[in-house]
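Here is the structure we will look at.
Note that the structure is a prediction, hence the values are computed from the model and not measured. Residue numbers count from 1 along this sequence.
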Amino acid sequence: MGECMRQSDMNPNLSGAWWRESSERICGKWTYLDSVDDGGYRVRYIRHHGTTMGLFREVEPDKWCFVPLSTGWGSASDQQGMNKIMPSGWRYRRNNNTPRYVYCNVVMFVGVD
């Protein structure tokens, strides 16, 4: 397991050269795992305290899309970390005790672990 310098390094759009198959890296309480999915696409799983919060999937060489998978516990650290990691246009919100992902002002609720 290797260390990364900043949470933003977990976004492969910003650090594409860092992708290494079957490589897991740690950023404090956050980790990411680089893998290849069943379709042969490169993916990066983002985890916080063991919960897979989302993944990045390569759609073109060195171009990645983000897929939210869980809002975790809905904590401040979930919010702060995901907002550092996600690409432009994405926000993690948690006001009114309702954790959710927002993309370009479209609200998306995903499973809670």
Side-chain angles (χ1 to χ4, degrees):
M1 244 188 252
E3 292 281 333
C4 66
M5 300 300 288
R6 302 173 307 247
Q7 283 176 321
S8 60
D9 290 339
M10 298 175 106
N11 182 335
N13 289 306
L14 303 175
S15 62
W18 287 53
W19 190 90
R20 301 285 183 268
E21 186 173 354
S22 300
S23 173
E24 186 173 52
R25 295 197 180 263
I26 300 170
C27 289
K29 302 295 182 187
W30 292 82
T31 60
Y32 69 80
L33 173 66
D34 290 340
S35 186
V36 176
D37 69 11
D38 292 340
Y41 292 94
R42 298 191 308 169
V43 293
R44 174 170 287 171
Y45 296 95
I46 306 296
R47 296 185 180 137
H48 186 225
H49 290 290
T51 299
T52 303
M53 303 288 288
L55 65 83
F56 287 91
R57 184 174 190 248
E58 189 175 46
V59 292
E60 294 177 13
D62 295 321
K63 184 175 181 183
W64 300 73
C65 68
F66 175 73
V67 179
L69 297 176
S70 173
T71 55
W73 293 95
S75 67
S77 63
D78 289 336
Q79 179 184 31
Q80 292 162 359
M82 289 307 291
N83 284 336
K84 290 178 184 175
I85 296 166
M86 292 184 297
S88 178
W90 283 94
R91 298 300 295 163
Y92 182 104
R93 304 261 188 238
R94 59 183 204 90
N95 55 322
N96 300 322
N97 293 321
T98 309
R100 63 206 177 277
Y101 290 96
V102 178
Y103 179 69
C104 295
N105 297 320
V106 175
V107 177
M108 288 178 246
F109 295 94
V110 295
V112 178
D113 289 350

Heavy-atom pair with the smallest gap, counting every atom of [X] and [Y]:
X: P68; Y: Y101; result: CB-CD1, 3.4 Å
X: I85; Y: N11; result: O-ND2, 3.1 Å
X: N97; Y: P99; result: O-CD, 3.6 Å
X: W30; Y: G81; result: CZ2-CA, 3.4 Å
X: Q79; Y: R94; result: OE1-NE, 3.1 Å
X: N96; Y: T98; result: O-OG1, 2.9 Å

If you measure from the Lys or Arg side-chain nitrogens to the Asp or Glu carboxylate oxygens, is any gap between K29 and D78 under 4.0 Å?
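No, no charged N to carboxylate O under 4.0 Å.
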So, the side chain of S77 versus the backbone of S75: is there a donor-acceptor pair under 3.5 Å, distance only?
no
[X] [atom1] to [Y] [atom2] distance, which is reported to the nearest 0.5 Å:
X: R47; Y: T31; atom1: CZ; atom2: OG1; answer: 5.5 Å
X: R42; Y: D37; atom1: CZ; atom2: CG; answer: 12.0 Å
X: Y32; Y: I46; atom1: OH; atom2: CD1; answer: 8.0 Å
X: F56; Y: M10; atom1: CZ; atom2: CE; answer: 9.0 Å

Using 30° and 60° as the class boundaries, would you call the ring planes of W90 and Y103 parallel, tilted or perpendicular?
tilted
Can you confirm if the NZ or CZ of R57 lies within 45° of the ring axis of Y41 and under 6.0 Å from the centre of its six-membered ring?
yes
With no hydrogens and no angle check, just 3.5 Å: does a side-chain donor-acceptor pair link R100 and N95?
yes
